[in-house]
Amino acid sequence: MFEPQTFLNYIGGEWKAASSNMVEASMNPANRHETVGYIQQSTLDDLEEAVGAAKAAKMGWRKLSGPARGEFLFKAANQVEQRLDEIAEMMTREMGKTLPEAKGETARGVAILRYYAGEGMRSIGEVIPSTDSAALMFTSRAPLGVVGVITPWNFPVAIPIWKMAPALIYGNTVVFKPAQETAVTAALIMECFHAAGLPAGVINMVTGDGGLIGQAMADHPDIQGITFTGSNAVGKKVGQSALARGAKYQLEMGGKNPVIVARDADLDLAVDATISGGLKSTGQKCTATSRVIVHTEIYEAFKTKLLDKVQNIRLGSGLETATWMGPLASEKQYRTVLSYITNGVEEGGTLLCGGGKGQGQDLEAGYFVEPTVFENISSSMTIAQEEIFGPVLALMKVDSLEEAIEIANDVKFGLSASIFTRDISTMLTFLQDIDAGMVRINAESAGVELQAPFGGVKQSSSGSREQGQAAIDFYTDIKTVFVKA
Ligand SMILES: NC(=O)C1=CN([C@@H]2O[C@H](COP(=O)(O)OP(=O)(O)OC[C@H]3O[C@@H](n4cnc5c(N)ncnc54)[C@H](O)[C@@H]3O)[C@@H](O)[C@H]2O)C=CC1
Ligand SMILES: O=C(O)CCC(=O)C(=O)O
């Protein structure tokens with residue numbers, strides 16, 4: 001029998017209840033009657049305390065050497081690794097993705113922590129020849145100060161860690177506001193940082209309403225940088241608030257990612273990648289495949305193979321081994337996805353499979369939506385333009401590569417895009433002409449590697465890149481130093 005616990009804020013190295021004395025229940029989306037845990041409904045006073053703690057810890061932390069900061073991250077990685085099964089199970093319970101996916105994500109969190117721990121030993125500048133032969137000129141990097149981290153619910157371990165680990169290694173202190181939907185999982189990650197013994201105030205977590213706590217972080221004069229992943233609408237607000245007071249900001253937002261299936265594609269490979277890229281995590285990835293743009297000559301063959309597999313997808317609780325696809329993460333997301341499906345039908349799309357609530361007694365209490373495939377979708381339709389963030393694929397038929405790329409680029413987003421082809425000139429045309437930050441050839445649109453830059457173009461991101469060594473650009477400022485004896 002699962003017993004829900006109450007989780008506290010983490011401020012100045014201590015666990016604290018919100019000053020409102022109010023908690024909120026976090027629910028299991030596979031069974032809305034099950035409470036996963038209770039989390040704090042924080043007030044602006046709690047945020048103030050957390051920012052104050054981060055500000056007070058700032059100088060001590062930045063004065064530590066990079067390798068010394070790295071030691072703390074190695075310890076945090078070991079903690080997460082030791083608790084991997086427990087954290088992954090909580091993630092599955094709290095947001096619905098299957099247990100193997102949750103374990104994979106938690107293991108990725110461990111690897112990210114180790115990667116950035118190692119960054120503490122690497123170069124942070126370069127020597128540049130001065131025109132004055134008696135001088136030494138070089139660049140160095142300075143931390144921003146206090147960094148605000150606002151994260152979504154779809155990757156409750158990986159996204160917070162890929163923001164907090166580089167923030168910390170480059171000498172910043174952190175105030176973290178996770179999505180309320182997955183704040184229990186976030187609290188387990190904070191327990192790992194606490195056990196790793198980071199000095200008090202270096203990392204702080206305040207849970208609560210995004211419009212209140214998140215917005216106040218974006219507005220806060222003592223937070224010098226804000227990193228955000230989430231919706232486009234909120235991201236823009238966060239960016240505008242930070243810009244208005246001269247703070248640095250980094251936004252990772254939506255996607256409407258295409259896969260192009262060229263006429264010479266390996267169809268089995270393309271089908272598997274479309275299913276994995278579009279439907280894993282129940283389609284709730286900013287890199288998820290949403291539009292499937294298929295050459296007319298192989299359209300029917302591709303469609304038949306795709307439907308054959310999609311119709312056999314097993315829905316259920318992510319904790320059950322037979323389950324391939326779990327529920328949507330929340331009631332809000334469930335309603336959003338169902339309304340996009342209704343809209344697709346109303347605008348003239350043809351439903352090939354799915355389209356409804358998950359059927360069956362064991363699915364009744366959860367936010368399950370059947371894996372859904374549409375055809376007869378034109379680029380101007382709402383479901384071809386807006387991010388759905390659910391298990392919905394839209395098939396679009398084209399006569400040429402040029403037409404495929406034109407449709408692929410005909411959206412406001414530009415995060416990830418993939419193509420299936422064996423032809424080198426098709427590959428080259430695609431990688432040159434596609435508007436996307438992540439370009440993938442013969443691979444699904446989702447999936448990122450922690451050591452490589454991650455981000456999009458157009459309205460998918462604010463232009464900066466996360467992960468890999470690219471992260472240093474956001475979390476530090478360059479100092480150009482000129483020294484003469
Ligand atoms: N790019 C991505 O990975 C994600 C995209 N989304 C997209 O956003 C849609 C809505 O999902 P939501 O959870 O409602 O996203 P959201 O953008 O509202 O939430 C993301 C984070 O921002 C916080 N937040 C909310 N309002 C805020 C404000 N005014 N100021 C500062 N922070 C604020 C939330 O508490 C959460 O921590 C999804 O259907 C999906 O299309 C959602 C999550 C992740
Ligand atoms: O594809 C991935 O693994 C990362 C996706 C992501 O960053 C997101 O959905 O926010």
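Only a predicted model underlies this, so the values are computations on that prediction, with no experimental measurement involved. One-based numbering, in listed order, for ligands and for the atoms of each. Atom set for the values below is all heavy atoms of this structure, side chains included, hydrogens, waters and symmetry mates excluded.
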> Kindly compute the distance separating CG (Leu352) from CZ (Phe374), expressed to the nearest 0.5 Å.
9.0 Å
> Heavy atoms, side chains only, cut-off 4.5 Å: are Gln385 and Ser379 in contact?
yes
> Do Glu444 and Lys280 sit within salt-bridge range, that is, some charged N less than 4.0 Å from a carboxylate O?
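The answer is no: the pair does not qualify as a salt bridge.
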> Which protein non-hydrogen atom lies closest to atom 13 (O) of ligand 1, naming both residue and atom, and how far is it?
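In this structure, atom 13 (O) of ligand 1 has Trp153 NE1, 2.6 Å as its nearest protein heavy atom.
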> Examine Lys177 against ligand 1 and note whether any of their N/O atoms are separated by less than 3.5 Å.
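Between Lys177 and ligand 1 (N or O atoms, distance only) the closest approach is under 3.5 Å.
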> Quick one: do Trp15 and Phe7 satisfy ring pair (Phe, Tyr, Trp, His ring centres under 6.0 Å)? Show the steps, please.
CA-CA 8 Å; Trp15 298 99; Phe7 294 85; 8.5 Å; no
> Pick out the protein N or O atoms lying less than 3.5 Å from any N or O of ligand 2, and list each pair with its distance.
{"unit_1": "ligand 2", "atom_1": "1 (O)", "unit_2": "Thr287", "atom_2": "OG1", "d": "2.5"}
{"unit_1": "ligand 2", "atom_1": "1 (O)", "unit_2": "Gly447", "atom_2": "N", "d": "2.9"}
{"unit_1": "ligand 2", "atom_1": "3 (O)", "unit_2": "Arg108", "atom_2": "NH1", "d": "3.2"}
{"unit_1": "ligand 2", "atom_1": "3 (O)", "unit_2": "Arg108", "atom_2": "NH2", "d": "3.0"}
{"unit_1": "ligand 2", "atom_1": "9 (O)", "unit_2": "Asn154", "atom_2": "ND2", "d": "2.9"}
{"unit_1": "ligand 2", "atom_1": "9 (O)", "unit_2": "Cys286", "atom_2": "N", "d": "2.6"}

> Please state which protein non-hydrogen atom is closest to atom 2 (C) of ligand 1 and give its distance, to 0.1 Å?
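For atom 2 (C) of ligand 1, the nearest protein heavy atom comes out as Cys286 CB, 3.6 Å.
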> With heavy-atom distances below 4.0 Å as the criterion, list the atoms of ligand 1 near Glu387.
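Here the atoms of ligand 1 in question are 5 (C), 7 (C), 40 (C), 41 (O).
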> Could you tell me whether Lys305 and Asp268 have a side-chain N and a carboxylate O separated by less than 4.0 Å?
yes
> Quick one: nearest non-hydrogen protein atom to atom 22 (O) of ligand 1, plus distance?
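The protein heavy atom lying closest is Phe228 CE1, 3.3 Å.
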> Got Asn204 and Val174 here, is their nearest side-chain heavy-atom distance under 4.5 Å?
no
> Tell me, yes or no, whether the heavy-atom count around Arg245 atom CZ, taken from other residues, nucleotides or ligands under 6.0 Å, exceeds 12.
yes
> Ignoring angles and geometry beyond distance, decide whether Met253 reaches within less than 3.5 Å of ligand 1 through its nitrogen or oxygen atoms.
yes
> Does NZ or CZ of Lys177 lie under 6.0 Å from the centre of the six-membered ring of Phe228, at an angle within 45° of the ring axis?
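Ring-cation test returns no.
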> Would you check whether Lys332 has a nitrogen or oxygen atom less than 3.5 angstrom from a nitrogen or oxygen atom of ligand 1?
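The answer is yes, given that Lys332 and ligand 1 share an N or O pair closer than 3.5 Å.
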> May I ask you to list the atoms of ligand 1 that are less than 4.0 angstrom from any heavy atom of Thr151?
21 (C), 36 (C), 37 (O)
> Do Thr274 and Lys309 come close enough that some side-chain heavy atom pair is under 4.5 Å?
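They are not in contact (no side-chain heavy atoms under 4.5 Å apart), so the answer is no.
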> Can you confirm whether Gln41 sits close enough to Asp209 that some side-chain heavy atom of one is under 4.5 Å from a side-chain heavy atom of the other?
no
> Could you check whether any heavy atom of Ala218 sits closer than 4.0 Å to an atom of ligand 1, since that is the contact criterion I want to use?
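Outside the 4.0 Å threshold, so no.
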> With Lys357, which residues qualify under salt bridge (Lys or Arg N to Asp or Glu O under 4.0 Å), at least two apart?
none
> Decide whether the shortest distance between a heavy atom of Thr336 and an atom of ligand 1 is less than 4.0 Å.
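Under 4.0 Å: no for Thr336.
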> Can you tell me the protein heavy atom closest to atom 30 (N) of ligand 1 and the distance?
Gln215 N, 3.3 Å
> How about atom 19 (O) of ligand 1: does it have a protein heavy atom within less than 4.0 Å?
no
> Can you name the residues that form a ring pair (Phe, Tyr, Trp, His ring centres under 6.0 Å) with His220, not counting sequence neighbours?
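Testing His220 for ring pair (Phe, Tyr, Trp, His ring centres under 6.0 Å), a comparison that skips the adjacent residues, returns none.
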> In terms of residue, atom name and distance, what is the protein heavy atom nearest to atom 43 (C) of ligand 1?
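Nearest protein contact, heavy atoms only, for atom 43 (C) of ligand 1 is Pro152 CB, 3.4 Å.
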> Who's the nearest protein heavy-atom neighbour of atom 16 (P) of ligand 1, and how far?
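For this ligand atom, the closest protein heavy atom is Ser231 OG, 3.6 Å.
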> With salt bridge (charged side-chain N to carboxylate O under 4.0 Å, His left out) as the rule and sequence neighbours excluded, what pairs involving residues 78-94 come up?
Glu34-Arg93, Glu81-Arg114, Arg83-Glu86, Arg83-Glu191, Asp85-Lys103, Glu89-Arg93
> Does any N/O atom on Thr229 come nearer than 3.5 Å to any N/O atom on ligand 1?
no
> Specify the protein heavy atom at minimum distance from atom 4 (C) of ligand 1: its residue, its atom name, and the distance to 0.1 Å.
Phe389 CZ, 3.4 Å
> Counting the benzene-type ring for Trp, do Tyr170 and Tyr475 have ring centres under 6.0 Å apart?
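Not close enough - the centres of the two rings lie 6.0 Å or further apart.
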> For atom 28 (C) of ligand 1, which of the options Ser461, Gly214, Gly210 provides the nearest non-hydrogen atom?
Gly210
> Any nitrogen or oxygen of Gln333 lying under 3.5 Å from a nitrogen or oxygen in ligand 1? Just yes or no.
yes
> Below 4.0 Å, non-hydrogen atoms only: which portion of Val238 touches ligand 1? Side chain, backbone, both or neither.
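The answer is the side chain of Val238.
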> Could you tell me the residue and atom name of the protein heavy atom closest to atom 23 (C) of ligand 1, and the distance to it rounded to 0.1 Å?
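The answer is Ile150 CG2, 3.7 Å.
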